[in-house]
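Just so we're on the same page: letters track the sequence lines, and every chain starts at 1.
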Amino acid sequence: MKPAPFKYYAPTSVEEALAHLAEYGYDAKALAGGQSLIPTMNFRLAQPSVLVDLNNISDLFYISPDENGGLRIGAMTRESQIEHSALVAERAPLLYEAMPHIAHPQIRNRGTIGGTLAHADPAAELPAVSVALNGRFRLRGQVGERWVSADEFFVGFFTTVLEPDELLVEVALPPMPPRSGWSFQEVARRHGDYALVGVAAMVTLDDRGRCQQARLVFLSVGEGPVEAHQAAATLKGQAPTPEAIRAAAETAASADVDPSSDIHASAAYRRHLVNVLSRRALEQAFERAGLRD
Amino acid sequence: MSELFPVAVTVNGTRYERNVEPRMLLSDFLRHELGLTGTHVGCEHGVCGTCTVIFDGQAVRSCLMFAVQANGHEIVTVEGLGTPENLHPLQEAFWDAHALQCAFCTPGFLTTLVPFLEENPNPTEDEIREAIAGNLCRCTGYQNIVDAVKLAAERSKAKGNT
C-alpha cells in the first residue's frame, strides 16, 4: 500500500510543467488534487516514473466571470471552492448543484475541476455536467494551445483527447440562455459514493413556452458521459407536459443508454434509474425554465 | 532510494523540518517521521476517512497527499485538538454521548467535524450525516456520533448565549 518511487517536480508555472511533461511523455503524470491518482498509486495500479505536481502553479486557481456572462474556471480550482462560490451559483447553477454529490468534503477540499475532467471517470459528475453545459476546455502544450468542447474531449473509458505533453488549464462555461432550467439528479447507495446512475439536465424554452432545446447527459451508464440525443429529439418543439416528459424519459432508458451490470447494480436496474431520474430531472428543469427569464 | 526533498511544516503549532522521499504519504510522515500516531491509517485509498487531518483549516485525507506537498503548510492532527486534561468541546461531547467504542475511527471523525462545526455551528441532522459520510465507523452505527455533534453544537450555542 505504498507508492512506487518516482521523480518529483513541483513547478510554479504552466510553462515549466509543460517542459517536464514534454521531456518525459507517457512516463509522466500530472498531479492535480490526487484524489484518484494517489489511491491508484498506493495500490501500485499506477506507477508513473515522474510526477509533475501542479499544486504550486498559482495561475491555475481561479473562478472568474467571463465578459459574455459565462464563467472561466482555472483547472486547479478545488471542488470545495466551486461548491461554495456565489458566482458559480448565479452563473452555472447546474454545476453548483452537482458539487455536493462529488465524493466527500475531505475529497472536495483537495480534488480539482481539471483533475476530475482529465481523469474522465465514467462515474464522475463533472464530465457529464460539463457536456450538459456546453463547456469548453483550454488545453495547453509547449507549441501552443487549443480549445476543445466537452463533448469532443471525452473519448472513452478514462480516456480524453489530451496528449501526454498537454495540460487542461481552463474550463469555460457559456452563459445560460434565457428561459433555461437545470437539474442534477443521482442515486448512490450512500451519500458521496459513486452514483449508480446520475443525470445532468439543461432545458431551454422558446417564447411560447415550448421546448427549444433539452440536454440530458448521464454518468455511470457507459464509457464516459452519455448524452440522450433521442430523448432530447422527442421533446424539441413540444410543450413540456407530464406526458411528453414521461415519453422522453422512457426513450432515454430504452434507446439512448446501454448500461452494463456490475457488482453495484444490474443493467436492468440502471435502465430503471435512467427512466426515473430523467423524469425527475426534466420536471425540475422545465419548472425552473418557466420561472426564469 | 530516490532523491530527498526538504519539508518544513507546522503541525499542532510546532514547526518540523525533515527530508523525505517524494513518495512518502503525509499519513506516514505524521506517524513515522513525527511520531504523531493519533492520525490512524485504515484503507490507504481514501475511503475510510480515519487518516483525516486539518490542512490549512480544511479536513483532508492524509493518505491521499504526499508529505512533500505539505511543505510550507499548517496541519492540525487529533493531538492538536485537546489534551486528556483539557478535551476539545467536541471530544467532551463524544465522551458524554458514547460516540466511540474501539476509537480507531475517532481521530478522523474529530478532524472532519471540527472544521465542519466552525463553518456550520448549528447543523441539521441531515447535514451532520452528510458531513460524516466519508468516515467509516464499524462499532457505533453512527447514531451516537450524530448525537455527540448535536450535543457539541447545543453546548456551544448555550455558551455563546451566556
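When heavy atoms are compared at a cutoff of 4.5 Å, A:L51 approaches chain B solely by way of its side chain, counted from C-beta outward. At a 4.5 Å heavy-atom cutoff, the contact between A:A4 and chain B is made by backbone atoms alone. Contacts of B:M24 with chain A are absent, with no heavy-atom separation under 4.5 Å from either backbone or side chain. Contact annotation for A:N109: both backbone and side-chain heavy atoms come within less than 4.5 Å of a heavy atom of chain B. When heavy atoms are compared at a cutoff of 4.5 Å, B:F116 does not approach chain A at all.
In A:K7, the NZ atom is not crowded: 12 or fewer heavy atoms of neighbouring residues, nucleotides or ligands sit closer than 6.0 Å. Remark: A:Y194 OH is loosely packed, at most 12 non-hydrogen atoms of other residues, nucleotides or ligands lying under 6.0 Å away. Other residues, nucleotides and ligands contribute only 12 or fewer heavy atoms inside 6.0 Å of the CZ atom of A:F157. Heavy atoms of other residues, nucleotides or ligands lying less than 6.0 angstrom from OH of A:Y62 number more than 12.
What you find for B:A131 and A:P105 is that their closest heavy atoms are O-CG, 4.2 Å. Shown here for A:P100 and B:E130, the closest heavy-atom pair between the two residues is CB-OE2, 4.2 Å. Closest of all the heavy-atom pairs between B:Q58 and A:S80 is NE2-OG, 3.9 Å. Contact record, A:R190 with B:A133: NH1-O, 3.1 Å, taken as the closest heavy-atom pair. When all heavy atoms of B:L25 and A:N42 are compared, the closest pair comes out as CD2-OD1, 3.5 Å.
Cation-pi geometry between B:R23 and A:Y8 is not satisfied (NZ or CZ under 6.0 Å from the ring centre, within 45° of the ring normal).
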A:N56 vs B:Q69, side-chain hydrogen bond (donor to acceptor under 3.5 Å, both in side chains): CA-CA, chis, key distance, verdict: CA-CA 9 Å; A:N56 295 334; B:Q69 297 185 288; over 6 Å; no
Derivation and outcome, side chain to side chain contact (heavy atoms under 4.5 Å, CB included), residues A:Q106 and B:N135: CA-CA 10 Å; A:Q106 298 102 319; B:N135 294 72; 2.8 Å; yes
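If you take CG on A:L31 and CZ on B:F66, they are separated by 6.5 Å, rounding to the nearest 0.5 Å.
Counting heavy-atom pairs under 4.5 Å between each of A:I107, A:D193, A:T40 and chain B puts A:I107 at the top. Your options are B:P22, B:C63, B:G72, and the one with the most heavy-atom pairs under 4.5 Å with chain A is B:P22.
In summary, of the residues considered (A:R110, A:R108, A:Q35), a side chain to side chain contact (heavy atoms under 4.5 Å, CB included) with B:V60 occurs for A:R110 alone.
A:H84 is listed as a side-chain neighbour of B:E119, based on a closest heavy-atom distance under 4.5 Å. A 4.5 Å side-chain heavy-atom check between A:K2 and B:D28 finds at least one atom pair inside the cut-off.
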